[in-house]
Amino acid sequence: MYLVESKGGAIACMFLALFFLGTWPALLTMLERRGRLPQHTYLDYSITNFFAALLIAFTFGEIGKGKPDEPNFLAQLAQDNWPSVLFAMGGGVVLSLGNLSSQYAFAFVGLSVTEVITASITVVIGTTLNYFLDDKINKAEILFPGVGCFLIAVFLGSAVHSSNASDNKAKLNNYTSDYKEAAIISSKESDLVKSKDLERGSSSADNVEAGTAVFLLELEERRAIKVFGKSTLIGLALTFSAGLCFSMFSPAFNLATNDQWHTLPKGIPHLTVYTAFFYFSISCFVIAIILNITFLYHPVLNLPKSSLKAYLEDSDGRIWALLAGLLCGFGNGLQFMGGQAAGYAAADAVQALPLVSTFWGVLLFGEYRRSSRRTYILLGSMLFMFIVAVAVLMASSGHRSSSHTAKE
């Protein structure tokens with residue numbers, strides 16, 4: 001079994017996890033904006049997300065010869081460790097619910113702001129819990145200022161959302177003049193939304209400039225989840241629900257691998273990170289399949305009904321959904337591997353993933369294009385604060401002892 005035992009290795013895991021976990025939401029958002037039903041997308045995503053956990057368990061979890069206190073993956077499956085297994089599976093349940101909620105929240109609140117709010121809730125609640133569960137191996141004088149930086153960033157993110165919403169409202173109110181301007185600009189090649197870009201996947205909007213009222217109206221017409229005319233409270237409720245779920249999955253995984261509450265029978269070693277991740281992913285997968293098959297026939301938010309047959313026939317964009325599942329699965333695995341070595345509180349630095357998501361939001365979806373100067377200043381401030389927060393949380397990482405002694 002391979003274990004990350006150095007602080008440098010743990011930080012490398014966290015950086016890779018940060019990129020992966022910040023990228024997969026952009027792929028789901030892209031497919032929703034193309035018009036693919038979120039139920040279809042999430043079913044595809046769930047399959048490869050579970051496959052990633054299996055791959056990690058049967059490779060890293062089986063490298064080398066196991067020890068009595070650090071058994072390999074297959075050996076540990078037969079042990080009497082169900083209290084820790086239940087913690088791991090509980091973490092998988094809340095993660096699945098959080099990911100499902102955030103998928104719908106992306107349409108209402110936007111990719112960047114959804115990630116900012118959910119990440120900040122995760123850091124404030126989840127990181128604080130992990131700090132105490134990890135027996136305070138992280139440096140409190142560094143860790144909690146990092147948490148404070150996330151709080152500042154969430155206020156800035158809320159301000160970005162408010163400012164951008166005002167910008168969009170003004171664009172729609174001035175639709176007639178905006179349309180004429182777009183027609184003039186369409187003859188130029190600068191700052192145009194191209195027909196081949198990943199979001200559109202079609203050539204129907206060659207001459208529509210990103211950020212205009214025409215762009216917003218065409219996006220609403222094309223996308224799967226219709227948001228015009230719906231209360232903003234729907235999106236906020238989904239976002240905060242996702243954040244609360246995300247804040248609990250990492251502490252649950254921490255309890256599964258370190259048994260701080262001493263629930264395991266005497267002589268039974270702690271779950272390795274690979275075994276815990278396997279059980280964690282099983283429950284995540286089962287909940288996702290049950291809920292999304294239900295949503296096919298009983299959709300929410302006025303989405304059209306679908307069926308298993310329609311899902312199987314819907315291959316448009318499937319490769320992107322499958323890729324999103326792999327990125328999320330490997331991202332979670334890397335986060336847990338890094339957390340086992342450096343402490344899960346420090347590993348929660350990957351919750352700065354809005355840095356990555358905002359990059360994709362601007363690059364792929366034209367978020368904040370043609371916005372006001374105030375919006376750009378707030379956006380830059382938010383990103384700067386997230387960079388500070390990630391640096392501070394990673395600097396707080398301690399080093400967990402590699403020994404996982406069984407109870408005497």
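On a predicted model such as this, the values are computed, not experimentally measured, just so you know. Reckoned from all heavy atoms, side chains included, excluding hydrogens, waters and symmetry mates.
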> Under a 3.5 Å cutoff, is there a donor and acceptor pairing between the side chains of Ser163 and Ser166?
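Side chains of Ser163 and Ser166: no pair found under 3.5 Å.
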> Determine whether a donor-acceptor pair (N or O, by modelled atom type, separation under 3.5 Å) exists between the side chain of Thr41 and the backbone of Leu28.
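No, the answer is negative, given that no donor and acceptor are paired below the 3.5 Å cut-off.
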> Hey, does the side chain of Glu32 reach the backbone of Ile225 with a donor-acceptor pair shorter than 3.5 angstrom?
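Yes; at least one donor-acceptor contact below 3.5 Å.
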> Run the side-chain contact (heavy atoms from CB on, under 4.5 Å) check on Lys226 and Asn302 step by step: do they pass?
CA-CA 8 Å; Lys226 308 302 181 184; Asn302 297 321; over 6 Å; no
> What I want to check is whether the side chains of Asp167 and Tyr368 have a donor and an acceptor closer together than 3.5 Å.
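No.
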> Does atom CE (Met89) have a neighbourhood of more than 12 heavy atoms from anything else shown, all under 6.0 Å?
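More than 12 heavy atoms, drawn from other residues, nucleotides or ligands, come within 6.0 Å of this atom.
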> How many angstroms lie between OG1 in Thr239 and CD in Glu115, if you round to the nearest 0.5 Å?
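Output value for this atom pair is 9.5 Å.
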> Within the distance-only criterion (no hydrogens, no angle test), does the side chain of Ser102 pair as donor or acceptor with the backbone N or O of Ala105 below 3.5 angstrom?
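Checked: no pair found.
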> Does Leu322 offer a backbone N or O that forms a donor-acceptor pair with the side chain of Thr48 under 3.5 Å?
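Judged by distance alone, yes, a pair lies under 3.5 Å.
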> Which residue in the set Trp24, Phe285, Phe50, Trp320 passes ring-ring contact (aromatic ring centres under 6.0 Å, His included) when paired with Tyr45?
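Exactly one candidate clears the test, Trp24.
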> Under the 3.5 angstrom rule, does the side chain of Glu220 hit a backbone N or O of Phe228 as a donor-acceptor pair?
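It does hold such a pair.
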> Quick one: do the Ser84 and His270 side chains pair a donor with an acceptor below 3.5 Å?
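Distance-only check fails for Ser84 and His270.
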> On the six-membered ring of Phe106, is Arg33 placed so that its NZ or CZ lies under 6.0 angstrom from the centre and within 45° of the ring axis?
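Verdict for Phe106: no cation-pi partner in Arg33.
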> If we ignore hydrogens and angles and just use 3.5 Å, is the side chain of Thr118 paired with the main-chain N or O of Gly243 as donor and acceptor?
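Side chain of Thr118 to backbone of Gly243, a donor-acceptor pair under 3.5 Å: no, none is there.
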> Would you say Lys305 has more than 12 foreign heavy atoms packed within less than 6.0 Å of its NZ?
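12 or below, so no.
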> Quick one: pull up CZ in Phe87 and CG in Leu264 and give me the separation to the nearest 0.5 Å.
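Phe87 CZ to Leu264 CG: 9.5 Å, rounded to 0.5 Å.
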> Looking only at side-chain N and O atoms, does Asp259 offer a donor or acceptor that is under 3.5 Å from a partner on Thr263?
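Looking only at side-chain atoms, Asp259 and Thr263 do form a donor-acceptor pair, the distance falling under 3.5 Å.
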> Taking the six-membered ring for Trp and the full ring for Phe, Tyr or His, determine whether the centres of Phe73 and Phe278 are under 6.0 Å apart.
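Yes, ring centres under 6.0 Å apart.
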> State whether the number of non-hydrogen atoms from other residues, nucleotides or ligands found under 6.0 Å of Phe384 atom CZ is greater than 12.
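Count not over threshold, so no.
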> Can you tell me how far CD1 of Ile290 sits from OG of Ser96, rounded to the nearest 0.5 angstrom?
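CD1 of Ile290 is found 9.5 Å from OG of Ser96.
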> How far does OG1 of Thr375 sit from CG of Leu379, to the nearest 0.5 angstrom?
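The CG atom of Leu379 is 8.5 Å from OG1 of Thr375, to the nearest 0.5 Å.
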> May I ask you to check whether Phe277 and Tyr274 place their ring centers less than 6.0 Å from one another?
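No, the ring of Phe277 stays outside the 6.0 Å limit from the ring of Tyr274, centre to centre.
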> Check whether Glu62 reaches the backbone of Ala57 with its side chain - one donor and one acceptor, N or O, closer than 3.5 Å.
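Side chain of Glu62 to backbone of Ala57, a donor-acceptor pair under 3.5 Å: no, none is there.
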> Between Ser101 (side chain) and Gly98 (backbone), is there a donor-acceptor pair under 3.5 Å?
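No, the answer is negative, given that no donor and acceptor are paired below the 3.5 Å cut-off.
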> So does Phe155 have more than 12 non-hydrogen atoms from other groups sitting under 6.0 Å from CZ?
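Result for CZ/Phe155: open.
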> Just how far is it from atom OG1 of Thr29 to atom CG of Leu111, taken to the nearest 0.5 Å?
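Thr29 OG1 to Leu111 CG: 4.5 Å, rounded to 0.5 Å.
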> Count the heavy atoms belonging to other residues, nucleotides or ligands that lie under 6.0 Å from CZ of Phe51, then report whether that count exceeds 12.
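No - once you tally the heavy atoms of other residues, nucleotides and ligands closer than 6.0 Å, there are 12 at most.
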> Would you compute the distance between atom CG of Leu37 and atom CZ of Phe295 and round it to the nearest 0.5 angstrom?
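The CG atom of Leu37 sits 13.0 Å away from the CZ atom of Phe295.
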